[in-house]
Q: 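Below is one structure. I have some questions about it.
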Amino acid sequence: MRRTSLTIQPVVSRQQACPSRSMIQPQLSFDGDPNGPAYERWREQFCRQVANVDFVPVGEGRVHRTIAPAILPRIRLSASFGSPMSFVSLGTNDELVITMSPNSALSGAMGKRPLEIAAGDVTIGDPSIRGAHITQTGFGNFQTALLPRRALLRACPNAEDLIARSIPGANPVTSMFLRYYDLAHEYADKLGPAELDAVSQHLFDLSVLMIGARGDVAEQARMRGLAAARLETLKSDILAQLDSPALSLTLLSAAHRVSPRTIQLLFEQAGITYSGFVLEQRLLRAERLLRNPSLRTRKIIEIAHLAGFHDVSYFHRAFRRRFGQTPDDVRKLAGDAG
């Protein structure tokens with residue numbers, strides 16, 4: 001059987017194709033009266049010319065819209081927040097767009113297909129249809145991921161059948177996609193080219209699994225995208241609980257609905273162990289806290305607890321092994337340098 005490749009190829013954006021336009025820095029966000037020249041200028045320079053979408057206010061009163069784009073090698077993300085708004089396609093974009101709002105229902109139409117999506121669920125939009133529109137009906141977040149249509153259809157031939165239909169956000173793979181989307185959007189501007197390329201591929205893999213890839217394509221996406229996304233969400237949860245004595249492999253596996261051995265394997269495939277990752281992150285946190293001038297009066301035992309160590313003797317041994325210095329040495333050197 002011939003194995004279908006999931007790898008997606010780079011696409012050239014309209015901004016890359018038109019260097020003169022990239023010289024203009026459009027205003028990304030707007031807060032004010034939608035009836036004046038300032039709003040019309042923003043609507044023309046950013047909404048229509050850059051986003052290729054017309055932003056139409058819903059209801060009366062002041063318009064607020066904060067937009068934060070993130071450009072990955074093959075996927076464009078846009079997370080925005082604000083008052084109710086209708087996003088109307090100009091029909092000039094041939095990508096497919098995954099759209100979601102965690103706290104507002106969405107309504108609209110994709111050509112002849114009506115669109116009604118509950119808050120927290122996901123849908124696929126087709127911006128190649130002129131006049132296609134999605135309305136964020138309440139104040140809140142509106143998030144999109146623009147994916148190359150050809151690559152998506154190669155992996156999921158049924159993708160266009162799901163346009164305007166609801167994909168439940170409670171599905172495990174959809175939930176994983178949403179969490180990885182947030183991570184990718186937050187860290188995109190902090191990653192190098194190779195890391196961005198990997199994140200882009202992983203997000204694409206999660207997209208095709210969420211939409212419904214089958215056979216070899218689905219297996220490849222699971223091995224690559226799902227595993228990477230699951231590991232990153234595990235790391236994120238661990239970092240959020242580093243100072244908690246309750247943090248354990250057992251509780252983490254229950255929260256993520258996977259076996260403890262699965263978590264261990266995910267870390268091992270990345271070249272580390274679960275316990276090694278937790279220890280390293282706690283030591284790094286302790287070292288940062290010891291160098292923090294505002295915490296100079298806190299006792300070493302308090303710093304150890306803040307970093308998640310509840311056996312102070314073990315903390316001292318592990319810290320000296322890792323940094324070649326005692327916690328007191330690190331604090332003293334930081335004070336001398338200040």
Side-chain angles (χ1 to χ4, degrees), residues 11-72 75-117 119 122-149 163-164 181 185 188-189:
V11 295
V12 178
S13 69
R14 292 184 66 187
Q15 287 71 29
Q16 291 171 317
C18 304
S20 60
R21 178 176 294 175
S22 67
M23 300 296 290
I24 301 172
Q25 297 298 324
Q27 176 184 340
L28 295 182
S29 303
F30 183 86
D31 187 14
D33 185 350
N35 299 308
Y39 180 78
E40 288 305 321
R41 185 165 54 249
W42 174 70
R43 190 173 174 181
E44 178 62 29
Q45 292 180 352
F46 171 73
C47 305
R48 295 170 179 156
Q49 293 189 16
V50 176
N52 298 319
V53 177
D54 196 9
F55 286 35
V56 181
V58 174
E60 301 294 329
R62 191 180 188 88
V63 164
H64 172 75
R65 180 61 48 175
T66 300
I67 299 172
I71 310 300
L72 301 179
I75 298 175
R76 289 183 289 154
L77 310 181
S78 177
S80 70
F81 177 83
S83 49
M85 185 77 70
S86 189
F87 306 92
V88 184
S89 173
L90 302 180
T92 57
N93 189 330
D94 194 40
E95 296 164 297
L96 288 173
V97 57
I98 295 176
T99 305
M100 51 267 178
S101 175
N103 43 29
S104 172
L106 303 176
S107 66
M110 290 290 124
K112 296 181 179 179
R113 303 185 193 186
L115 181 151
E116 295 293 338
I117 308 296
V122 175
T123 191
I124 299 175
D126 187 349
S128 72
I129 303 173
R130 185 176 180 84
H133 61 281
I134 297 180
T135 300
Q136 176 189 326
T137 60
F139 202 98
N141 296 302
F142 185 81
Q143 299 164 302
T144 62
L146 281 156
L147 282 73
R149 184 187 298 258
I163 289 170
Y181 177 101
H185 187 274
D189 63 343

Q: Any sub-3.5 Å donor-acceptor pair from Thr144's side-chain atoms to Val97's backbone N or O?
A: no
Q: Calculate, to the nearest 0.5 Å, the distance between atoms OG and CG belonging to Ser107 and Leu115 respectively.
A: 7.5 Å
Q: Quick one: CG on Asn93 to CD1 on Ile129, what's the gap to the nearest 0.5 Å?
A: 12.0 Å
Q: Can you list the residues that meet the ring pair (Phe, Tyr, Trp, His ring centres under 6.0 Å) rule with Tyr181, with sequence neighbours excluded?
A: none
Q: Are Phe55 and Arg48 close enough, and set up right, to give a side chain to side chain contact (heavy atoms under 4.5 Å, CB included), and what steps lead you there?
A: CA-CA 8 Å; Phe55 286 35; Arg48 295 170 179 156; over 6 Å; no
Q: Check whether any side-chain heavy atom of Phe139 lies under 4.5 Å from a side-chain heavy atom of Ser104, and answer yes or no.
A: no
Q: How about Phe142 and Phe87: do any of their side-chain heavy atoms sit closer than 4.5 Å?
A: yes
Q: Check Ala164 against Arg113 and note the closest heavy-atom contact, atom names and distance.
A: CB-CB, 4.0 Å
Q: What's the separation between atom CE in Met110 and atom OG1 in Thr99, rounded to the nearest 0.5 Å?
A: 7.0 Å
Q: Please examine the side chains of Arg149 and Ser128, heavy atoms only from C-beta on, and report whether any two atoms are closer than 4.5 Å.
A: yes
Q: Would you name the heavy atoms of Leu147 and Ile98 that are closest together and state the gap between them?
A: CD1-CD1, 4.1 Å
Q: What residues, two or more places apart in sequence or in another chain, satisfy salt bridge (Lys or Arg N to Asp or Glu O under 4.0 Å) together with Arg43?
A: Glu40, Asp54
Q: Could you state the interatomic distance from CD (Glu60) to CG (Asn35), rounded to the nearest 0.5 Å?
A: 7.5 Å
Q: Between Ile67 and Phe46, which heavy-atom pair has the shortest distance, and what is it?
A: CD1-CE2, 3.3 Å
Q: Picking from Ser83, Ser29, Ser80, what satisfies side chain to side chain donor-acceptor pair (under 3.5 Å) with Arg65?
A: Ser80
Q: If I take atom CD from residue Gln49 and atom CG from residue Leu90, how far apart are they, to the nearest 0.5 angstrom?
A: 10.5 Å
Q: Which atom pair, heavy atoms only, marks the closest approach of Gly82 to Gln136?
A: O-NE2, 3.2 Å
Q: With sequence neighbours left out, write down each residue that passes salt bridge (Lys or Arg N to Asp or Glu O under 4.0 Å) with Arg62, or none if nothing qualifies.
A: Asp31
Q: For the pair Ile163 and Leu96, evaluate side chain to side chain contact (heavy atoms under 4.5 Å, CB included) and give the outcome as yes or no after the intermediate values.
A: CA-CA 9 Å; Ile163 289 170; Leu96 288 173; 4.1 Å; yes
Q: Hey, are the side chains of His185 and Gln143 touching, using non-hydrogen atoms and a 4.5 Å cut-off?
A: no
Q: Atom CZ in Arg130, atom OG in Ser89: separation rounded to 0.5 Å?
A: 8.5 Å
Q: Is the shortest heavy-atom distance from the side chain of Val53 to the side chain of Pro127 under 4.5 Å?
A: no
